[in-house]
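The structure appears below as C-alpha cells.
All values below were derived from every heavy atom in this structure, side-chain atoms included, with hydrogens, water molecules and symmetry-related copies excluded. By convention in this document, chain letters (A, B, ...) are assigned in the order of the sequence lines, proteins followed by strands, and residues within each chain are numbered from 1.
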Amino acid sequence: MIAVVGYYEPWWIQIIKALVIFAVGLQLVPIVLLAERKLLGRFQARYGPNRVGPYGALQPLADILKLLTKEQFRPTTSIGLLFALAPMISILTAVAALAIIPFGDVQDIFGTKVGLYGIDVSIGPLYLFALGGIAFYGIMLGGWSSGSKYSFLGAMRGAAQLISYEVSQGLALVGVLMSAQTLSLTGIVIAQKGMWYVVPQLAGFLIFMVASFAETNRAPFDLTEADAELVGGYNTEFGGGRFASYYFAEYLNVVVVSGIATTIFLGGWLLPFGIHPPGWVDPFVVLFKMGLVTFFFIWVRATLPRLRYDQLMSFGWKVLLPLATLNALVTAILVTVTH
Amino acid sequence: MSAVLFFIAAIGAITGAVGVVMLRNPFYAVLALVAHLISLAILFLLLRAQFVAAVQVVVYAGAVMVLYVFVVAYVGDQGDTLSERLRGTGPVASGLRLGGALVGGALLIELLIALLGTGLEGIDHYGAGYSEAHPEAQTFGTPAYIGRLLLTRFLLAFEVASFLLLIAAVGGVVLAYRRGGIREEERDALTPLDLIRPLGTGTMREGIGRRGS
C-alpha cells in the first residue's frame, strides 16, 4: 500500500509474493555459504567442507543447527536490551532489502497479473540506502552494548566505513539513474533493452562494486571484524542464535547487493543478443547473474589481503568519491547534450 | 490499516521526542532521537511523501545521527549533565533556566501558529489526493515531482541552502586545519614505542646481533 506506483496486485497475491520471496531469498543464504567455503577451499588448494552429506552439501545446515542449539550467554558488562535488539536490526534490514529486487516483469499467472518483485517503489535505490542507514545501528549497537573493547573498536570502524562508502555507492548509481530517467528498478531494467548499463557506465559499475565490498563488510574491507587484530570485531561477544543472525545478515547482504548490481548494471532479467525466452525463465536468469556476482565477491575475498584502516579511509574519500562525482558529472553533461 | 500505522508511528514519534529530553544517558537520548526520526519517516509515508520519507531516513537517521552516535559512544557521559547544571545555583544556572524557558516558549508559539494555520485545514483530508480520477495527484511525493519543484519554484532557496552547506564544509576544513593536528617537531616525541624499545627491535638485524648499529 505504501509507495506503490504503476501496477499493483490484489492483497492476497502480495502476501503470497512476500512468502515466496522470503522463502527463496532465505534459501540462497545457505547456498552462498556453502559455495563460499567450497570455493575458498579450492582457491587455497584444499578440499573445503566434505564430511557432512554428499560433497559436504549439508554443512550449512549442520552449522546453523549447532549455532541454534548453543547456550545464549552475554557478558556481565553488556547492556541486555540493546544486546538482544542489535542482531534483530541487522537481519530485519537485510531481509527487507530483498523486497525491491525485480526477478521478472509483470507476468500472467493463472489469469492474474503478477509482478515478479516484492514492491516496485518509486524511490528505487533510495529504499536500499534507507535500509542501509538503519542496518548501521545493528552493527553499532551490537558492538557498543557488548561492553568489550574489541567489539567497540569493530563497531566504530564499521560506523566510519559505512558512512564513507555509502556516499560513493550512491553517487555511482546516479549516472545510471540519469540515463534511465527513472528510479523504479523495473524501469531501469526495461531501459537496458538496447544495451546493459555495464557498458556505458563501466566506471559507475566498478565504483559501485568496490563500495559494495565496504558496505557489506566483505574482504578486503572487512575491517569491522578483522579477525587478526580484533578477534571478531562487533560480533566478538555474540554466540548461538544471535551470532547466527549476524552471520546470516552478512550473507543476505551479499545476495542483495548482487541482486542490485544485476538489476542496475547487468540488465536484470534481460538476455543479450535480443533473445526473448518465455516469462518463467526470467527469475532463473536473474538468479544466474546474481550467482556470478556472488562468485566475484568470493573470488576477491580469496585473492586480496585486508587493507589497513587508514588506507581504507583515504581510498574511500580521496579516490572513490572524486571518481564517483566525476562519473556523475560527465554522465550529466552527456545526457544533456544527447537529449 | 493506515489508522493503525498512524497511531503506532505517532506514539513512536512522541515517545522518542520525550525520550530525547528526559533520558539522562546521552547515548540513549540519541537512540531515542533515531526512533523519533524513523517514526516521522513512517508518518511521511502515510502522507504519500515517499521521497521525503526515504531522504529523512538516509540523511538524518543514516548520516547525521550516525555522527552523533559516534561522538557520544566515544566521549560517553562524562562531566556535568545539563540537568545538573540547570538545577545548580549561580548566574549560569539561572541564565540557562531563563534562556531555556524563552526559547521553549518561542518555539511553542511558532508551532502553534503553524499548526493552527495549516493543520486544522489538513485534518479534513487524507494526505495528498490519490484518487483514480486525478492522475496528476498520484505523482505527488515522487522524486520527479520534488525535483521539479526544487528546480523551478524553490530554486533560490535550494541554491542558498546548498551554498550554506558548502560554507559550513569549508569552514570545518579551515578550523580543523588551523588546529593543525600533529606538527612536524612533535611527531618524533609522540611515538612512545621508540622510547620503550631500541631502534631495530624485532628485525632481522636484531636476529644477527647488530641491532641499532
Side-chain angles (χ1 to χ4, degrees), chain A residues 1-6 11 79 81-82 85-86 89 92-93 96 100 119-137 139-141 143-147 151-153 155-164 166-167 169-170 174 177-178 181-184 187 215, chain B residues 1-6 9 25-28 30-31 33-35 37-38 41-76 127-128 130 135 137-147 173:
Chain A
M1 215 169 100
I2 292 161
V4 179
V5 280
W11 61 272
I79 295 154
L81 179 68
L82 295 181
L85 185 71
I89 298 176
L92 185 81
T93 49
I100 57 164
I119 36 172
D120 184 18
V121 283
S122 68
I123 48 176
L126 279 173
Y127 174 88
L128 192 76
F129 291 122
L131 287 175
I134 298 173
F136 151 80
Y137 291 98
I139 289 176
M140 181 68 217
L141 294 182
W144 189 78
S145 65
S146 295
S151 306
F152 183 66
L153 283 174
M156 279 308 178
R157 286 181 177 184
Q161 184 176 325
L162 281 180
I163 43 177
S164 305
E166 194 175 21
V167 188
Q169 200 186 19
V174 168
L177 301 180
M178 281 189 292
Q181 310 262 322
T182 176
L183 273 165
S184 147
E215 286 289 303
Chain B
M1 182 67 189
S2 59
V4 174
L5 267 181
F6 171 77
N25 188 332
F27 194 81
Y28 288 118
V30 170
L31 288 187
L33 189 50
V34 173
L37 290 171
I38 293 174
I42 298 174
L43 287 179
F44 285 143
L45 271 188
L46 287 175
L47 292 172
R48 307 218 162 88
Q50 307 119 24
F51 183 73
V52 180
V55 168
Q56 166 94 1
V57 176
V58 171
V59 174
Y60 284 102
V64 176
M65 296 318 294
V66 166
L67 287 179
Y68 276 48
V69 170
F70 206 78
V71 171
V72 172
Y74 260 132
V75 179
Y130 207 64
Q138 292 190 16
T139 59
F140 176 84
T142 58
Y145 184 82
I146 289 176
V173 171

Whether over 12 other heavy atoms sit under 6.0 Å from B:Phe44 CZ: yes

Pairwise distance CD1(A:Ile123) to CG(B:Leu45) - rounded to 0.5 angstrom: 7.0 Å

Region of A:Ala160 that comes under 4.5 Å of a non-hydrogen atom in chain B: both

Heavy-atom proximity to chain A below 4.5 Å, by part of B:Val34: side chain

Distance-minimising heavy-atom pair for B:Gly62 and A:Ile163: O-CG2, 3.7 Å

For A:Ala130 against B:Ala54, the heavy-atom pair lying closest together: CB-O, 4.2 Å

Portion of A:Leu126 that has a non-hydrogen atom of chain B nearer than 4.5 angstrom: both

Parallel, tilted or perpendicular: rings of A:Trp144 and B:Tyr28 (30°, 60°): perpendicular

Part of A:Gln181 lying under 4.5 Å from any heavy atom of chain B: neither

Options B:Val59, B:Val57, B:Val66, ranked by heavy-atom pairs under 4.5 Å with chain A, top entry: B:Val66

Interchain contact, A:Met156 with chain B, by part (heavy-atom threshold 4.5 Å): both

Interface moiety of A:Leu141 toward chain B, non-hydrogen atoms closer than 4.5 Å: side chain

Part of A:Phe136 within contact of chain B (heavy atom distance under 4.5 Å): side chain

Proximity breakdown for A:Leu82 and chain B, heavy-atom pairs closer than 4.5 Å: side chain

Backbone N/O of B:Leu31 and side chain of A:Tyr137: donor-acceptor pair under 3.5 Å: no

